[in-house]
Amino acid sequence: MTNAFITGITGQDGLYLSELLLAKGYEVYGLIRGQNNPKFDLVRRTVPDVRLLTGDLTDLSSLMRALNVAQPDEFYNLGAISFVAYSWENAHVTTEVTAKGVLNALEATRLHAGSDVRSVRFYQASSSEMFGKVQDVPQSESTLLWPRSPYGVAKVFGHYMTINYRESYGMHASSGILFNHESPRRGEEFVTRKVTQAVARISLGLQDRLVMGNLDARRDWGFAGDYVEAMWRMLQQDEADDYVISTGETHSIGELLDAAFGAVDIDDWQRYVHQDPAFFRPAEVDLLIGDASKARDRLGWKPTVTFGQLIAMMVESDLAEQKALAGR
Ligand code: NDP
Ligand code: GDR
């Protein structure tokens, strides 16, 4: 039996990764924070076989205690404050969790593993936000990092700390530089889900305005279910390494609106969409498009869901959810 330990179990990726690992026969342990986490029931319902352990990335001793129980062969560090817009107003707490939390996770793993440091394989959830003001198009593992938000800066710290633990202690520590990935489980604060939920409500006559920020930014959006498969593949390699995971296709927020409204046959979406400076960011990441050829060649990984399929899947799921909520 292989044991896995996941931080960020209540998040989008934590749920998909748990499903993947349980289906492979893993014993899965998840770290859950807070004395009454509102997502506890969601995890219980979605992945009842996951064993939940309380703890917090900012509390090293809680991680040590959890590792003692879980005895993991693989540690997936997905926990983070992950909303970029929030990170400007909450830069310190973002640094504590998204940056220093990675150091705690690595150090807890090193101390737990003792003399057999490679006995626990470690995955760090790095991000395309690290490319920020992009220095190459498309972005690959060798592209210079130029983060544009406190979140991006925190991820750069976690990324290099992961490489440093690999180089200093010989740990099997890999970093996945994942581009945006979405699903019906995406948090409602992120742009894809905000749009697909609003489109569902507008098509059902439950809402008539959608207030947005910058419509020109471009992202490389993939499906979260595909991306957690890449995380697992990284930890099955003999040697740890860093990999870009992306689709290689980029779309603007305007194109996202086209696709989402198109899924409910609304062509003139401009009459519903308004812009508010409150949703613009102090510094924007204008263009993300990834080159995942290393992952394709070495991991045999490729995305299976297209942008159009992804947005249609999310709109369909939001339509079903909004109908159920409205009692239709
Ligand atoms: P979510 O925002 O959905 O989930 C974040 C998770 O982190 C939640 O389970 C949250 O738990 C947990 N968390 C927050 N603070 C702490 C803390 N102090 N201690 C322990 N856990 C904490 O993120 P995703 O699932 O989308 O992303 C997973 C990871 O991948 C994150 O690190 C994110 O930054 C990174 N990433 C995501 C990408 C994407 O497009 N989705 C792309 C690239 C990287 P709680 O419920 O308690 O708040
Ligand atoms: P991002 O995702 O910042 O790329 O980070 P998000 O969906 O929040 O924003 C994408 C782009 O959309 C623009 N935008 C808006 N964004 C939001 N949230 N709400 C709006 O109303 C809106 N209008 C326009 C943004 O300006 C931005 O350009 C995500 C997170 O999952 C990170 O944790 C992860 O590391 C990166 O993806 C890769």
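Numbering starts at 1 and runs along the sequence shown. Just so you know, ligand 1 is whichever comes first in the structure, and atom 1 is the first atom listed for that ligand.
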J.: What pairs of residues pass the side-chain hydrogen bond (donor to acceptor under 3.5 Å, both in side chains) test when at least one of them lies in residues 74-89, not counting sequence neighbours?
T.: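 Residue pairs with at least one partner in residues 74-89: T7-N77, Y26-E74, E74-Y76, E74-Q236, N77-Q124.
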J.: Mind checking what makes side-chain hydrogen bond (donor to acceptor under 3.5 Å, both in side chains) contact with T192, not counting sequence neighbours?
T.: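 Result, side-chain hydrogen bond (donor to acceptor under 3.5 Å, both in side chains) vs T192: E182.
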J.: Can a donor-acceptor pair be found between the side chains of N214 and E284 at a distance below 3.5 Å?
T.: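 A donor-acceptor contact under 3.5 Å links the two side chains.
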J.: Passes ring pair (Phe, Tyr, Trp, His ring centres under 6.0 Å), F122 versus F75? Steps please.
T.: CA-CA 5 Å; F122 186 90; F75 182 148; 5.0 Å; yes
J.: Validate the cation-pi geometry between R186 and F190: distance from NZ or CZ to the six-membered ring centre under 6.0 Å, angle to the ring axis within 45°.
T.: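 That pair qualifies as a cation-pi contact.
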J.: Identify, chain by chain and in numerical order, each protein residue with a heavy atom under 4.0 Å from an atom of ligand 1.
T.: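 These residues qualify: G8, I9, T10, G11, Q12, D13, R33, N37, D56, L57, L78, G79, A80, S82, V97, A125, S126, S127, Y151, K155, L178, F179, N180, H181, R186.
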J.: Any donor and acceptor pair, going by atom type alone, linking the side chain of T98 with main-chain N or O of I81 inside 3.5 Å?
T.: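 A pair under 3.5 Å: yes.
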J.: For the ring-ring contact (aromatic ring centres under 6.0 Å, His included) test, which of F223, W232, Y227 pairs with Y16?
T.: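 That would be F223; it is the only one of F223, W232, Y227 passing the ring-ring contact (aromatic ring centres under 6.0 Å, His included) with Y16.
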J.: I'd like the atom pairs linking ligand 2 to the protein - N or O on both sides, separation under 3.5 Å - with distances to 0.1 Å.
T.:
from: ligand 2; atom 1: 3 (O); to: R281; atom 2: NH1; distance (Å): 2.6
from: ligand 2; atom 1: 4 (O); to: N180; atom 2: ND2; distance (Å): 2.8
from: ligand 2; atom 1: 4 (O); to: R219; atom 2: NE; distance (Å): 2.8
from: ligand 2; atom 1: 7 (O); to: V191; atom 2: N; distance (Å): 2.8
from: ligand 2; atom 1: 8 (O); to: R281; atom 2: NH2; distance (Å): 2.9
from: ligand 2; atom 1: 9 (O); to: R281; atom 2: NH2; distance (Å): 3.4
from: ligand 2; atom 1: 18 (N); to: E189; atom 2: O; distance (Å): 3.0
from: ligand 2; atom 1: 21 (O); to: K194; atom 2: NZ; distance (Å): 2.7
from: ligand 2; atom 1: 23 (N); to: G213; atom 2: N; distance (Å): 2.9
from: ligand 2; atom 1: 26 (O); to: E284; atom 2: OE2; distance (Å): 2.6
from: ligand 2; atom 1: 28 (O); to: R219; atom 2: NH2; distance (Å): 3.0
from: ligand 2; atom 1: 28 (O); to: E284; atom 2: OE1; distance (Å): 2.9
from: ligand 2; atom 1: 28 (O); to: E284; atom 2: OE2; distance (Å): 3.1
from: ligand 2; atom 1: 31 (O); to: R186; atom 2: NH1; distance (Å): 3.1
from: ligand 2; atom 1: 31 (O); to: R186; atom 2: NH2; distance (Å): 2.9
from: ligand 2; atom 1: 33 (O); to: S82; atom 2: O; distance (Å): 2.6
from: ligand 2; atom 1: 33 (O); to: Y151; atom 2: OH; distance (Å): 2.9
from: ligand 2; atom 1: 35 (O); to: S127; atom 2: OG; distance (Å): 2.6
from: ligand 2; atom 1: 35 (O); to: Y151; atom 2: OH; distance (Å): 2.5
from: ligand 2; atom 1: 37 (O); to: N180; atom 2: ND2; distance (Å): 3.1

J.: What I want to find out is whether E189 reaches K194 closely enough, with some N-O distance under 4.0 Å, to be called a salt bridge.
T.: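 Judged by the 4.0 Å cut-off on N to carboxylate O distance, E189 and K194 do not form a salt bridge.
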J.: Would you kindly say whether D136 and T143 are connected by a side-chain donor-acceptor distance under 3.5 Å?
T.: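 Yes - a donor-acceptor pair under 3.5 Å links their side chains.
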